[in-house]
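Some notes on the structure that comes next.
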Amino acid sequence: MNLSYEQLVERINGWNHAYYVLDNPLVSDAEYDHAFRALLALETENPDLVSPESPSQRVGASPIAEFKKVEHGVKMLSLANAFSVQETYDFFDKAAKELDVPPDSLAIFSEPKLDGLAITIHYDNGLFSYAATRGDGQVGEDVTHNIKTIQSVPLKLATNTPPEKLEVRGEVFMPKAAFTKVNQLAKQQNSKVFVNPRNAAAGTVRQMNPQIAAKRDLQFIPYNVGEYQGEREFTRHSEMIDYLISLGFRRNPHCYAFSGGFEAFTENYQRMEQLRDSLPMEIDGIVYKIDDLATQTALGFIARSPKWAVARKFPAQQAITQLLGVDFQVGRTGVLTPVARLEPVFVAGVTVSNATLHNMDEIDRLGLCMGDSVDIQRAGDVIPKVAKVAEQGEDRQPIIMPARCPVCDSPVIRIEGQAAFRCTGGLICAAQGAERIEHYASRNCMNIVNLGTKLIELLYSKGIIHAIADIYKLKLEDIASLDGLGEKSAQNVLDSIEASKTTKLRTFLAALGIPEVGEGGSKNVAQYFKNLPAIQAATFEELIQVPDVGPVTAKSIVDFFQDARNQAIVADIINAGVHWVDEQPEQAQPLAGQTWVLTGTMSMPRHDAKALLESLGAKVSGSVSKKTDCVVAGAEAGSKLAKAEELGVRVIDEATFLAELHG
Ligand code: IVH
């Protein structure tokens, strides 16, 4: 099917409208991309064709040089605030008095107050002309380059009879999901994170490069009309909004029309407050407007805000309070997180007495000291955080990471190259119990197949297991009584615990989770010393003789076995029946000294293929180099295969691999 250029533009714009405005995708990504590429190809071949409404025209190629000033023909006003139902009611009661009508006769229209920034967009004869910020209400800044990138802003109004002039006013905001994404990316790239979606939206609109804005998923929702020259006549605000929606704009969710009595405002507020956290965007209140446009005109303005609309604000999201202390919480992996203990303060509907400080770098960044008072922020359903130091205390004391774990008193060390500090207690630290047991039971360790993470969490949280050896004391009824588990599955759990008792020394060693000692290290140590008593008695000097064991690992092993608590844990496990045959000298290793690389998808688990190669003496590496002896390429192998071919390294498929090994 051959579409004309105009038809192609119209089709893609239709799909965009369905996707970005109606949240109702009509085609697959692949079909969309295909059409978009066809459009770009047509435009490259015929530059004269390119129309301003083409979806390719959203993102300019280069940043703008400066923000041009724009004078607003109709002033952009702000709203008066109300902080209770009473204040809301009083606002309209006053208007009713002025109009000489009963207050509950007023037709009210309520809209969520979107938490972003006000933007005005001008359309000439149905085509996007320019967009500007509010600025001081009279003069704003031209931000056309960024607003054009917003997919819910039509480049052409969806009508055959466009008004000569239409100025659409509304809010540009960043949905919560987009905000999370933007900040995740910023963290990865070590760049500045935004405090909240409003700052993120404002920061994005007020920068020069449209390519950045295009990537940030901003949205636009209209709430008013500025200049208008057209044929249509409107009697109500809600009718005007319906008209804008028909032209292709997004609708503000959860708008309501009702008569302005006290109960109606109460009911509406409660409903919106409940809805708030479930909405995809941040809202900071509700805007109540008199729906009738003639009444609006009759009331007019006072100072910088209309007498026919008011913003009912949700309680403050921010509050200042005193820092009382900093606690260090030990997480399940042993990482210590500083948590601010606060003089309780009411923020956005909840009392906050703690806020995470993330890590020591964050404390540095905030410049926070004991004695300071802090600015607490709570955005929607997000956990409260310390935004900044509000005021420095008189007797400021630095906040210091404790040298010993507050839970188990083991030494705390800084994880190399990271902002995090970790308790070295491992098995003996109660905070790390569940994690340690999970590690012990996991596939690459004791492989207790039916004792998964969820079950361990459950048993641990109910206090049924505390230490590893408790696994071996589990009774059928302990497990069968848990939610959703019957006797049969409980018996399966017990059976797999029993089966796992026969193991290898190297497996047991790895399962203990000694810091720095993974699968490879455990294997080398087990092979070198052959039995557990020898490892337990090994000195630092002996340990560094083991292949691939450096001073850090050696010290970690010595520290571990020197601690009487660890000795007791190991003894308990062995007493429970865990056993192995001491390591034997290695059998013939035909691949000794060779380096192999596994890539692509193989039918046998990657882990098993690796174990097989290692049992034959090969080293298995993650990257291809000149030193690689052979690459096993499974299905859809990519860059590693290409690299091997480029370097002339031997490549075989999985079938050849298995045939050679078994042959
Ligand atoms: S009506 C003349 N409706 O709130 C009346 N404003 O505090 C113009 N806002 O500057 C505003 N959602 O940026 C209106 N549904 C809504 C709104 C809304 C957010 C913002 C807008 C305005 C500010 C006033």
Side-chain angles (χ1 to χ4, degrees), residues 72-83 87-88 91-92 95 108-121 131-141 143 147 150 152-153 167-175 196-202 204-206 218-228 234 236-242 244-245 249-258 268-269 272 275-276 279-293 295-314 316-317 380:
H72 302 302
V74 178
K75 264 199 222 166
M76 285 183 82
L77 301 159
S78 165
L79 294 172
N81 292 326
F83 293 97
E87 284 183 28
T88 311
F91 180 90
F92 289 105
I108 302 290
F109 193 70
S110 80
E111 296 173 0
K113 187 170 184 306
L114 306 163
D115 201 6
L117 69 156
I119 290 290
T120 176
I121 310 175
T133 61
R134 189 168 84 103
D136 64 3
Q138 305 237 29
V139 178
E141 281 174 331
V143 286
I147 301 306
I150 302 175
S152 44
V153 170
E167 182 187 357
V168 183
R169 292 179 172 178
E171 201 82 348
V172 165
F173 59 93
M174 190 177 281
N196 54 39
R198 174 166 31 87
N199 285 6
T204 304
V205 169
R206 292 206 71 271
L218 293 175
Q219 275 186 5
F220 175 81
I221 286 183
Y223 52 62
N224 205 4
V225 167
E227 289 180 277
Y228 175 70
F234 304 100
R236 281 174 297 119
H237 166 80
S238 50
E239 196 189 324
M240 211 160 65
I241 295 291
D242 287 344
L244 295 179
I245 305 310
F249 290 92
R250 229 186 131 87
R251 194 185 277 285
N252 201 347
H254 307 290
C255 294
Y256 300 99
F258 55 93
N268 177 275
Y269 179 78
M272 291 309 295
L275 266 173
R276 183 183 187 186
L279 292 178
M281 74 286 270
E282 290 282 356
I283 66 172
D284 60 338
I286 307 157
V287 182
Y288 294 111
K289 304 171 179 179
I290 292 181
D291 201 20
D292 186 70
L293 294 174
T295 310
Q296 287 189 3
T297 313
L299 284 165
F301 301 88
I302 180 164
R304 310 178 74 202
S305 49
K307 290 203 282 188
W308 44 265
V310 71
R312 168 67 207 274
K313 300 286 282 261
F314 287 132
Q317 303 268 66

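All heavy atoms count here, side chains included; hydrogens, waters and symmetry mates do not. First listed ligand is number 1; within each ligand, the first listed atom is number 1.
Interatomic distance, Asp291 CG to Met240 CE, rounded to the nearest 0.5 Å: 9.5 Å. Rounded to the nearest 0.5 Å, atoms CG (Leu244) and CG (Asn252) are 12.0 Å apart.
For the ring-ring contact (aromatic ring centres under 6.0 Å, His included) test, residues two or more places apart in sequence or in another chain that qualify with Phe234 are Tyr228, Tyr243.
Side chain to side chain, Ser152 and Gln219 fail the donor-acceptor criterion of an N or O pair below 3.5 Å.
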Are there any protein N or O atoms under 3.5 Å from the N or O atoms of ligand 1? List them with distances, or say none.
{"from": "ligand 1", "atom 1": "3 (N)", "to": "Lys289", "atom 2": "NZ", "distance (Å)": "3.0"}
{"from": "ligand 1", "atom 1": "4 (O)", "to": "Lys113", "atom 2": "NZ", "distance (Å)": "3.2"}
{"from": "ligand 1", "atom 1": "7 (O)", "to": "Lys113", "atom 2": "NZ", "distance (Å)": "3.4"}
{"from": "ligand 1", "atom 1": "12 (N)", "to": "Leu114", "atom 2": "N", "distance (Å)": "3.1"}
{"from": "ligand 1", "atom 1": "13 (O)", "to": "Glu171", "atom 2": "OE1", "distance (Å)": "2.5"}
{"from": "ligand 1", "atom 1": "13 (O)", "to": "Tyr223", "atom 2": "OH", "distance (Å)": "3.0"}
{"from": "ligand 1", "atom 1": "15 (N)", "to": "Glu111", "atom 2": "OE1", "distance (Å)": "2.7"}
{"from": "ligand 1", "atom 1": "15 (N)", "to": "Pro112", "atom 2": "O", "distance (Å)": "3.3"}

Check the pair Glu111, Ile221 against side-chain contact (heavy atoms from CB on, under 4.5 Å), reporting the backbone distance first and the verdict last. CA-CA 11 Å; Glu111 296 173 0; Ile221 286 183; over 6 Å; no
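Using bins of under 30°, 30° to 60° and over 60° for the plane-to-plane angle, the ring pair Phe92/Tyr288 lands in the perpendicular bin.
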